[in-house]
Visitor: 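The structure's right below; bear with me while I get my questions together.
Proteins come first, then strands; the chains are lettered A, B, ... in the order of their sequence lines, and each starts at number 1.
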2 protein chains.
Amino acid sequence: MARAVSNQPTEVELQILRILWESGGSTAREVHNALTEIKGTTYSTTVKMLSVMLEKGLVRRDETATPQVYRAAMSQKVTQKKMLGDLIEKVYNGSALSLVLQALSSGKASADELAEVRKMVDELEGKKP
Amino acid sequence: MARAVSNQPTEVELQILRILWESGGSTAREVHNALTEIKGTTYSTTVKMLSVMLEKGLVRRDETATPQVYRAAMSQKVTQKKMLGDLIEKVYNGSALSLVLQALSSGKASADELAEVRKMVDELEGKKP
DNA sequence: AAAGAGTAGCGAATTCGTTCGTCACGTCAA
DNA sequence: TTGACGTGACGAACGAATTCGCTACTCTTT
């Protein structure tokens, strides 16, 4: 048998989604121009990927426009939350806390960033005292 | 052409690793017993997966023991960090901060957990005043 | 109208992940 | 010793992901 279909976007799909999130909407050509810089694949591949993603519902397209314009079907934020939740579930045994602690202790956080995290914690604690 | 090999463990591989992390080391039979509860696959499949993972270097095995004992080649913590870093890179455009903020704002954090996060922030700030 | 250029779609080819059937071997009890 | 049983190794098979070649259209431009 084969592996089950993942509900998560794959590697390349994610790269394309990032391009679309940044642009807000692009033609196949525009997506290709951005994609080929990091992947070196052909135009044909890009178009195929877009059509696959269309079938999966990952992107929508405006067919009235010429050339057609593609947009991400889901916002970046929603997608991030989904994938984050998935990681927490599958890799952190459902513990968001240990993920957060590990992300912080990775040592990449600047003072400013730590301050932001603190602010967020303050806010959340204010809501449930 | 086909897709490139990912350096990250796949879905099933991850499930097996979690079993091994928890047990600290198991025979194929033991892994299978745990795996079949969530997957319903055959013993043959489990053994095959283990041998694939052995080739990939995801697990080691003690061949002197009978039956052979498998252990995860990498600690859970290291694997988590790798996968977390990957997610940050590919989904959060390299910003650990936005991942942390999103994880916190998901609203799943209890008061105790928030306190732990605060403690971590305190510690980190203490190191770079 | 014919040539040129870009857009879109289809299907084939390739590799990976996953699953399983089957065979070979070793051990242990009857 | 022989038969039952568990362990382990292959290789086949299938679907998913990815890549690309080729064809068909649609506009321009000459």
Side-chain angles (χ1 to χ4, degrees), chain A residues 1-20 25-71 83 86 90, chain B residues 1-20 25-71 83 86 90:
Chain A
M1 240 180 278
R3 75 180 154 294
V5 184
S6 167
N7 51 328
Q8 305 279 325
T10 65
E11 181 77 24
V12 187
E13 286 167 356
L14 203 52
Q15 289 176 331
I16 291 180
L17 285 177
R18 289 176 61 174
I19 292 167
L20 292 178
S26 306
T27 66
R29 173 63 55 182
E30 287 164 352
V31 170
H32 172 63
N33 287 343
L35 189 60
T36 197
E37 282 185 21
I38 44 180
K39 294 271 304 174
T41 49
T42 53
Y43 177 74
S44 196
T45 299
T46 302
V47 172
K48 179 64 164 185
M49 287 307 304
L50 285 171
S51 96
V52 167
M53 292 172 75
L54 188 62
E55 271 184 30
K56 288 189 184 178
L58 286 174
V59 299
R60 306 187 198 292
R61 82 176 159 191
D62 181 354
E63 309 196 10
T64 68
T66 307
Q68 303 167 346
V69 172
Y70 291 85
R71 288 175 218 289
M83 299 190 71
D86 207 59
K90 292 197 297 198
Chain B
M1 240 180 278
R3 73 184 155 291
V5 185
S6 166
N7 50 328
Q8 305 279 320
T10 67
E11 182 78 23
V12 187
E13 285 167 357
L14 203 51
Q15 289 177 330
I16 291 180
L17 285 177
R18 288 175 62 175
I19 292 167
L20 292 179
S26 305
T27 65
R29 173 63 54 184
E30 286 163 354
V31 170
H32 172 65
N33 287 343
L35 189 60
T36 197
E37 281 185 21
I38 45 179
K39 295 270 303 175
T41 49
T42 55
Y43 177 75
S44 195
T45 300
T46 302
V47 172
K48 179 63 162 183
M49 287 307 304
L50 285 171
S51 94
V52 168
M53 292 172 76
L54 187 62
E55 271 184 30
K56 288 189 184 177
L58 286 174
V59 299
R60 305 189 199 291
R61 81 176 160 190
D62 181 353
E63 309 197 9
T64 66
T66 306
Q68 303 166 346
V69 172
Y70 291 86
R71 289 175 217 288
M83 298 191 72
D86 206 59
K90 292 196 297 199

Visitor: Roughly how far, to the nearest 0.5 Å, is OG1 of Thr10(A) from CD1 of Ile16(A)?
Guide: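 Between Ile16(A) CD1 and Thr10(A) OG1, I get 8.0 Å after rounding to 0.5 Å.
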
Visitor: Looking only at side-chain atoms of Thr41(A), point me to the closest of dC20(D), dT22(C), dT19(C).
Guide: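 Of dC20(D), dT22(C), dT19(C), dC20(D) is nearest to the side chain of Thr41(A).
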
Visitor: Taking atom P of dG8(D) as reference, at what distance in whole Å does atom CE of Met49(B) sit?
Guide: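 Computing the Met49(B):CE to dG8(D):P distance gives 16 Å.
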
Visitor: Val52(A) vs Leu58(A), test: side-chain contact (heavy atoms from CB on, under 4.5 Å). Steps then yes/no.
Guide: CA-CA 9 Å; Val52(A) 167; Leu58(A) 286 174; over 6 Å; no

Visitor: Once you round it to whole Å, what is the distance between C1' of dT19(D) and CG of Leu50(A)?
Guide: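 After rounding, the reported distance stands at 14 Å.
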
Visitor: Minimum heavy-atom separation for Gln8(B) to Ser6(B), with atom names?
Guide: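 Minimum heavy-atom contact is N-OG, 3.0 Å.
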
Visitor: Indicate whether OP1 or OP2 belonging to dG6(D) is found under 4.0 Å from a side-chain N or O atom of Arg29(B).
Guide: no

Visitor: Identify which nucleotide among dC20(D), dC10(D), dA16(D) has an atom closest to any side-chain atom of Val5(A), counting heavy atoms from C-beta outward.
Guide: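 Output: dA16(D).
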
Visitor: Please state whether the phosphate of dC20(D), meaning OP1 or OP2, lies under 4.0 angstrom from any side-chain nitrogen or oxygen of Thr45(A).
Guide: yes

Visitor: Whole angstroms only, please: what is the CD-P distance between Glu13(A) and dT18(D)?
Guide: 6 Å

Visitor: Compare the minimum distances between each of dT19(C), dG8(D), dC10(C) and the side chain of Tyr43(B), then state the nucleotide with the smallest one.
Guide: dG8(D)

Visitor: Under a 4.5 Å cut-off applied to non-hydrogen side-chain atoms, are Pro9(B) and Met83(B) in contact?
Guide: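 Yes, close enough: below the 4.5 Å cut-off.
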
Visitor: Round to the nearest Å and state the distance from Leu14(A) atom CG to dA17(D) atom P.
Guide: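 Atom CG in Leu14(A) sits about 14 Å away from atom P in dA17(D).
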
Visitor: Reading DNA chain C from 5' onward, which residue's closest nucleotide shows up sooner: Ala4(A) or Lys48(A)?
Guide: Lys48(A)

Visitor: Rounded to the nearest Å, what distance is computed from the CD atom of residue Gln8(A) to the P atom of nucleotide dA17(D)?
Guide: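 It works out to 12 Å between those atoms.
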
Visitor: What nucleotide, of dG8(D), dC10(D), dC22(D), holds the atom closest to the side chain of Ala28(B)?
Guide: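 Closest nucleotide among those given: dG8(D).
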
Visitor: Nearest-Å distance, CG (Leu35(B)) to P (dC20(C))?
Guide: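 Leu35(B) atom CG is separated from dC20(C) atom P by 10 Å.
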
Visitor: Between Val69(A) and Ala65(A), what is the shortest heavy-atom contact and its length?
Guide: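 Nearest pair, atom of Val69(A) first, then Ala65(A): CG2-CB, 4.1 Å.
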
Visitor: Would you check if the side chain of Arg61(A) reaches a backbone N or O of Ser51(A) as a donor-acceptor pair within less than 3.5 Å?
Guide: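 No; zero donor-acceptor contacts below 3.5 Å.
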
Visitor: Does Ser44(A) contact dG21(D) through a side-chain donor or acceptor facing the base, at a distance under 3.5 Å?
Guide: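 A donor-acceptor contact between them is present.
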
Visitor: Please determine if a side-chain N or O atom of Thr42(B) lies less than 4.0 Å away from the OP1 or OP2 oxygen of dC20(C).
Guide: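 Answer is yes, contact under 4.0 Å.
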
Visitor: What is the separation between atom CD on Gln15(A) and atom P on dA17(D), rounded to the nearest whole Å?
Guide: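 My rounded result for the distance is 15 Å.
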
Visitor: In residues 51-70 of chain A, what residues come within less than 4.0 Å of DNA chain C, judged by heavy atoms?
Guide: Arg61(A), Pro67(A), Gln68(A)

Visitor: Find the distance Glu30(B):CD to dG8(D):P and express it as a whole number of Å.
Guide: 11 Å

Visitor: As a test of understanding, state which of Glu30(A), Lys39(A), His32(A), Arg29(A) forms a side-chain contact (heavy atoms from CB on, under 4.5 Å) with Thr46(A).
Guide: His32(A)

